[in-house]
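The first residue in the sequence is number 1, and the count goes up from there. Just so you know, ligand 1 is whichever comes first in the structure, and atom 1 is the first atom listed for that ligand.
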Amino acid sequence: MITRPYVLLSAAQSLDGYLDDASDERLVLSTEDDFAEVDRLRAEADAILVGAGTVRADNPRLLVRSPELRRARVAEGRPEQPIKVTMTATGDLDPESRFFTTGDTPKLVYARPGAKAEFGAAATMVELAEPGFGAVLDDLATRGVRRLLVEGGGAVHTRFLADGLADELRLAIAPVFVGDPRAPRFVGPGTFPRPMTLTDVRSLDGVAVLRYVAATEPSSMDIQRLREAIALAALCPPRATFRVGAVLTDAEGAVLATGHSGEGDPHNHAEQAALAKLDPRDPRLATATMYSSLEPCSVRSSSPASCTRLILDAGIPRVVFAWREPEIFVVCEGAEQLEAAGRRVVEVSALARDVMRENTHLPGVRA
Ligand SMILES: NC(=O)c1ccc[n+]([C@@H]2O[C@H](COP(=O)([O-])OP(=O)(O)OC[C@H]3O[C@@H](n4cnc5c(N)ncnc54)[C@H](OP(=O)(O)O)[C@@H]3O)[C@@H](O)[C@H]2O)c1
Ligand SMILES: [Zn+2]
């Protein structure tokens with residue numbers, strides 16, 4: 001498996017959370033000192049990414065400005081400038097914008113199929129088969145990008161954070177208010193599954209600079225696999241007691257088996273259906289992770305062995321789930337029993353609502 005680049009998001013916002021005002025003029029929220037720091041982050045990066053909205057609104061150069069930093073890159077055997085990256089669904093990008101015309105460095109445009117754009121020699125177009133940014137990171141990895149700096153705007157930041165793909169966030173907060181709901185926000189609505197930990201707080205000329213790192217658990221791979229498990233619940237019979245999906249992976253996140261409630265036999269549970277597809281002596285089980293949209297059950301009326309028991313017997317050391325089982329039928333103690341047996345349990349409650357949406361047939365469950 002290729003290793004995705006480390007993703008650092010950088011944004012400057014007003015006190016009330018805006019990236020800009022609603023006028024055509026760009027609102028400058030950084031100071032010189034702040035910008036010098038961002039320049040260093042650019043110099044450390046292999047590639048810099050902004051959304052097409054930012055290319056259109058700000059017409060940025062996205063180059064390392066400081067000659068010393070550029071020389072240091074060259075001395076290390078790296079290209080003088082990072083690769084420039086943008087993404088578009090429409091293809092609405094002006095080939096005369098500075099993104100394309102400045103800097104002797106490769107320019108990459110990730111475009112959705114059907115995007116109407118033609119850049120000739122100015123840029124390489126890469127068609128994105130899926131809208132998720134994971135595919136962008138996979139492709140950048142194949143181009144040798146190990147560190148990616150994302151400089152906005154709001155739509156792009158929202159997507160990286162909601163997809164759990166941001167490893168670090170640098171947020172500069174300027175002491176001004178915008179107060180205009182038409183202005184772009186740092187992040188829009190979404191489900192943000194990966195909590196961030198504050199690691200550094202500084203003042204640069206009155207601008208507060210905050211640094212956060214994403215919690216190591218859940219990882220971006222955990223979120224991707226858990227979302228896949230949640231999506232599998234759509235395959236369950238409509239009246240299954242709980243409509244649940246499960247994905248079993250090896251230590252690297254490669255899928256070993258999947259399952260959903262009611263698969264094979266109407267009484268089957270998702271984790272059970274996934275485990276049934278593997279030889280119980282499969283050595284990969286000893287380092288596997290079970291992703292389940294619902295907490296594994298600990299008491300069952302329909303079968304002698306609970307999913308918690310099956311997971312324990314299979315020797316699976318780690319379980320990631322989204323929705324803690326509500327007390328509708330029985331009191332579930334799956335998470336407690338797994339932890340008591342020394343297994344690692346990661347609950348991603350930020351995604352629980354997506355699981356509830358598949359289970360509104362149950363008493364008291366609302367989407
Ligand atoms: N203060 C700061 O730090 C800072 C930094 C950067 C930007 N800004 C401000 O932010 C504003 C721009 O933000 P924004 O949210 O409008 O734009 P944005 O996030 O820069 O770009 C959004 C665009 O990216 C493309 N895109 C998004 N998801 C995609 C996907 N899955 N596949 C393909 N393309 C995708 C789409 O382009 P198409 O529309 O072409 O399809 C979308 O409209 C500007 O006002 C700018 O000044 C501020
Ligand atoms: Zn079960």
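- The side chain of P184, and not its backbone, has at least one atom closer than 4.0 Å to an atom of ligand 1 (non-hydrogen atoms only; side chain from C-beta on).
- Taking the six-membered ring where tryptophan is involved, the planes of F119 and F100 are essentially parallel, since the angle between them stays under 30° and well short of 60°.
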Please assess Y110 against F133 for the test ring-ring contact (aromatic ring centres under 6.0 Å, His included), listing each intermediate value before the final yes or no. CA-CA 10 Å; Y110 289 94; F133 287 4; 9.4 Å; no

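- When only non-hydrogen protein atoms are considered, atom 5 (C) of ligand 1 lies nearest to E151 O, 3.1 Å.
- Nearest to atom 18 (P) of ligand 1 among the protein's heavy atoms is G153 N, 3.4 Å.
- Taking a cutoff of 4.0 Å between a charged side-chain nitrogen and a carboxylate oxygen, D33 and R202 do not qualify as a salt bridge.
- Of all the heavy atoms in R42 and I48, the pair that sits closest is CG-CD1, 3.5 Å.
- Partner D46 forms a salt bridge (Lys or Arg N to Asp or Glu O under 4.0 Å) with one of R73, R147, R78 and no other, that one being R78.
- Of all non-hydrogen atoms in L232 and G245, the two that sit nearest each other are CB-CA, 3.9 Å.
- No side-chain donor from either of Y291 and E228 sits under 3.5 Å from a side-chain acceptor of the other.
- Among V38, T54, V156, L27, the residue whose heavy atom lies nearest to atom 12 (C) of ligand 1 is T54.
- Between A89 and ligand 1, a contact under 3.5 Å exists for at least one N or O pair.
- The nearest protein atom to atom 17 (O) of ligand 1, hydrogens excluded, is given as G53 CA, 3.5 Å; this is a heavy-atom distance.
- Scanning the protein for heavy atoms near atom 40 (O) of ligand 1, the closest one is T88 OG1, 2.7 Å.
- Salt-bridge check for D34 with R170: passed, with a basic side-chain N closer than 4.0 Å to an acidic carboxylate O.
- Given atom 15 (O) of ligand 1, the protein heavy atom at minimum distance is A155 N, 2.8 Å.
- When each atom of ligand 1 is checked for a heavy atom of G152 under 4.0 Å away, the hits are 6 (C), 20 (O).
- Residue contacts with ligand 1 do not include F186, since none of its heavy atoms lies under 4.0 Å from the ligand.
- Considering backbone and side-chain N/O atoms, L128 never comes within less than 3.5 Å of an N/O atom of ligand 1.
- When the heavy-atom distances from atom 8 (N) of ligand 1 to D58, N59, D20 are ranked, the shortest goes to D58.
- Shortest non-hydrogen contact noted between P189 and T158 is O-CG2, 3.8 Å.
- In terms of protein heavy atoms, atom 44 (C) of ligand 1 is closest to A57 CB, 3.6 Å.
- For atom 27 (C) of ligand 1, the closest non-hydrogen atom on the protein side is F133 CZ, 4.4 Å.
- Ranking the protein heavy atoms by distance from atom 3 (O) of ligand 1 puts A12 N, 2.9 Å first.
- Contacts of A52 with ligand 1, taken as heavy-atom pairs under 4.0 Å, involve both backbone and side chain.
- Distance remark: protein heavy atom not present below 4.0 angstrom from atom 42 (C) of ligand 1.
- Vertex the Zn ion (ligand 2); arms to C307 atom SG and C297 atom SG; angle 110° (nearest 10°).
- Set against the non-hydrogen atoms of G51, the atoms of ligand 1 under 4.0 Å away are 18 (P), 20 (O), 21 (O), 24 (O).
- The 12-atom threshold is not exceeded at CG of D104, counting heavy atoms of other residues, nucleotides or ligands nearer than 6.0 Å.
- Within H269, the N, O or S atom lying nearest to the Zn ion (ligand 2) carries the name ND1.
- Ligand 1 lies out of reach of H157, whose nearest heavy atom is not under 4.0 Å from it.
- Proximity annotation for atom 26 (N) of ligand 1: of M87, R112, E130, M87 comes nearest, heavy atoms only.
- Heavy-atom minimum distance, L19 versus R185: CD1-O, 3.5 Å.
- R284 and D250 are not joined by a salt bridge, as no carboxylate oxygen comes within less than 4.0 angstrom of a charged side-chain nitrogen.
- The pair E325-R300 does not count as a salt bridge, with every side-chain nitrogen at least 4.0 angstrom from each carboxylate oxygen.
- Listed by number with element, the atoms of ligand 1 under 4.0 Å from a non-hydrogen atom of A11 are 3 (O).
- Not counting sequence neighbours, H260 has no partner by the ring-ring contact (aromatic ring centres under 6.0 Å, His included) test.
- Polar contact check, T90 against ligand 1: a nitrogen or oxygen pair lies under 3.5 Å apart.
- Ligand 1 has an N or O atom lying under 3.5 Å from an N or O atom of P131, backbone or side chain.
- Those atoms of ligand 1 with a heavy atom of R56 less than 4.0 angstrom away are 38 (P), 39 (O), 40 (O), 43 (O).
- Put simply, the side chain of S293 never gets that close to the backbone of A229: no donor and acceptor are under 3.5 Å apart.
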